[in-house]
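To start, the structure itself, in structure tokens.
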Amino acid sequence: MIKIHKSDIVPNRLATAGLEEKVKDMLDFVCDSRPYTNTARGSDIKGFKNSIYGDTTVKEQLKSDQHNKCCYCESKFTTNSPGDVEHFRPKGRYKIPGVPGYKKPGYYWLVYDWNNLFFSCEVCNREYKKENFPLNDNCDRAIPHLKNHLIKSEKPILICPTEKPENHLEFKEDTLIAKDLRGEMSIKYYGLKRKGLLDDRLSSFNRLKGIGPLKGDLNKVTQEIVNFINENLNENYTVDSLREIFKLNNDLINESIIDAGEFSLMARTSFSI
Ligand SMILES: [Zn+2]
């Protein structure tokens, strides 16, 4: 994860149709909250409009703001899978890990809220995060909207992608480590140590390790560079060609540590430039 900087411009579909639906839901809840709170099977369950929050313009803006990466695992996956428009605060109901069943209502008034939407891969969203949304203190929960409890009073345990994940997560080489409970829970409920992801991060790490210095290894690397030059400075490699090789390698490391780089938190915490 890295901190995501979302566009200040709310997509038009959310600002128009989304706002209308939000107002309607808030009024409907006051008149009759049962569709939002019913848990009985077969009862009249409130549905939300994917055609608004999942609109192409919304998804494309999220993808652009997130450099085509999942908000949780930082994978670039869109060639094989379309990805989801993910609600950080669950829309219809939520789950507190360790507590049986689901709680209702969900955050129905944030279904079309730009600040609550992110682009995520299907594995992070559907297999791990799902509707889990624990708080530090459940008494602070801002549900329903009529209560005096406000979103800003909530202290979510899972890391929000607009926070700084590095306050709670760090890498030692390719190994992801939790710095606190929020990091630990985010690893678990975003599936950040699942097998396929570990493999992908390891191959990215090994690719960078082949070309750049690990943090703290600068002295060793300097010596390696001297050795490399001594061994290769011959008729095949001139000083200029070696300089070009180092520049290309440095550019690759640079591309990996910027926000657009896949697994950039790992790259920026593990490699020097
Ligand atoms: Zn993901």
Minimum heavy-atom distance [X]-[Y], with the two atoms named:
X: Ser204; Y: Glu262; value: OG-O, 4.4 Å
X: Phe29; Y: Pro105; value: CE1-CG, 4.0 Å
X: Gly101; Y: Lys95; value: O-NZ, 3.5 Å
X: Thr162; Y: Lys3; value: O-NZ, 2.9 Å
X: Cys124; Y: Cys121; value: N-SG, 3.3 Å
X: Phe48; Y: Gly92; value: CE1-CA, 3.9 Å

For this session: Please lay out, stage by stage, how Glu166 and Leu265 fare under the test side chain to side chain contact (heavy atoms under 4.5 Å, CB included).
Result: CA-CA 8 Å; Glu166 60 267 38; Leu265 181 61; 4.1 Å; yes
Problem set entry | Pairs involving residues 248-259, ordered by first then second residue, that meet salt bridge (Lys or Arg N to Asp or Glu O under 4.0 Å) (sequence neighbours left out) |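 Non-adjacent pairs meeting salt bridge (Lys or Arg N to Asp or Glu O under 4.0 Å): Lys247-Asp251, Asp259-Arg268.
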Exercise. Can you pull the salt bridge (Lys or Arg N to Asp or Glu O under 4.0 Å) pairs that have at least one residue in residues 99-114, sequence neighbours excluded?
Worked result: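 Listed once each, the pairs would be none.
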[X] side chain to [Y] main-chain N or O, any donor-acceptor pair under 3.5 Å?
X: Arg194; Y: Gly191; result: yes
X: Arg182; Y: Pro156; result: yes
X: Thr16; Y: Asn12; result: yes
X: Lys59; Y: Gly83; result: yes
X: Lys6; Y: Leu62; result: no
X: Gln66; Y: Phe119; result: yes

Could you work out, with side-chain contact (heavy atoms from CB on, under 4.5 Å) as the rule, every residue matching [X], not counting sequence neighbours?
X: Thr57; value: Arg13, Asp55
X: Lys179; value: Glu170
X: Pro35; value: Asp32, Asp44, Lys46
X: Glu21; value: Lys24, Lys49, Ile52, Tyr112

Should [X] and [Y] be regarded as members of a common hydrophobic cluster, given that ILVMFWY residues are connected when their side-chain heavy atoms come within less than 4.5 Å of each other, either directly or indirectly?
X: Val99; Y: Leu135; value: yes
X: Ile151; Y: Val23; value: no
X: Leu198; Y: Met266; value: no

Problem set entry | Verdict with supporting geometry, Glu173 and Ser270, side chain to side chain donor-acceptor pair (under 3.5 Å) | CA-CA 5 Å; Glu173 302 203 350; Ser270 295; over 6 Å; no
Exercise. Around atom NZ of Lys193, are there more than 12 heavy atoms of other residues, nucleotides or ligands at under 6.0 Å?
Worked result: yes
Seminar exercise, completed: Residue pairs passing the side chain to side chain donor-acceptor pair (under 3.5 Å) test with at least one member in residues 131-140, sequence neighbours excluded, are Arg93-Glu131, Asn138-Arg141
Do the side chains of [Y] and [X] get nearer than 4.5 Å, heavy atoms only?
X: Pro11; Y: Trp114; answer: yes
X: Leu176; Y: Ile187; answer: yes
X: Phe263; Y: Lys76; answer: no

Exercise. Using links of under 4.5 Å between side-chain heavy atoms of ILVMFWY residues, direct or through other members, which residues join Val123 in one cluster?
Worked result: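 ILVMFWY cluster around Val123 also holds Tyr128.
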Seminar exercise, completed: Cluster membership besides Ile9, Ile/Leu/Val/Met/Phe/Trp/Tyr side chains within less than 4.5 angstrom, sorted by chain and number, is none
For this session: Provide the full list of ring pair (Phe, Tyr, Trp, His ring centres under 6.0 Å) pairs with a residue in residues 85-105, sequence neighbours left out, each pair given once.
Result: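 Residue pairs passing ring pair (Phe, Tyr, Trp, His ring centres under 6.0 Å), neighbours aside: Tyr53-His87, Phe88-Phe133.
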For this session: Sequence neighbours left out, what pairs pass ring pair (Phe, Tyr, Trp, His ring centres under 6.0 Å) with at least one residue falling in residues 158-200?
Result: Tyr72-Tyr190
For this session: Go through the steps to decide whether Leu169 and Leu192 satisfy the test side chain to side chain contact (heavy atoms under 4.5 Å, CB included), and finish with yes or no.
Result: CA-CA 11 Å; Leu169 297 169; Leu192 300 182; 4.2 Å; yes
For this session: Take Arg201 and Phe205 through the side chain to side chain contact (heavy atoms under 4.5 Å, CB included) test and state the conclusion after the steps.
Result: CA-CA 6 Å; Arg201 278 204 305 255; Phe205 177 83; over 6 Å; no
For this session: Apply the test side chain to side chain donor-acceptor pair (under 3.5 Å) to residues Asp65 and Gln61: give CA-CA distance (whole Å), side-chain angles for both, the deciding distance (0.1 Å), then the verdict.
Result: CA-CA 6 Å; Asp65 290 351; Gln61 186 63 56; 2.9 Å; yes
Exercise. Between atom NZ of Lys63 and atom SG of Cys70, what is the distance when rounded to the nearest 0.5 Å?
Worked result: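 It is 12.5 Å, given to the nearest 0.5 Å.
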Problem set entry | Separation of Leu208 CG from Ile257 CD1 (nearest 0.5 Å) | 10.0 Å
Exercise. Under the side chain to side chain contact (heavy atoms under 4.5 Å, CB included) criterion, do Leu14 and Leu19 qualify, and how do the steps go?
Worked result: CA-CA 6 Å; Leu14 296 178; Leu19 184 59; over 6 Å; no
Problem set entry | Pair Glu74, Ser264: side-chain N/O donor-acceptor within cut-off below 3.5 Å | yes
Problem set entry | For Asp199, salt bridge (Lys or Arg N to Asp or Glu O under 4.0 Å) partners two or more places apart | Lys195
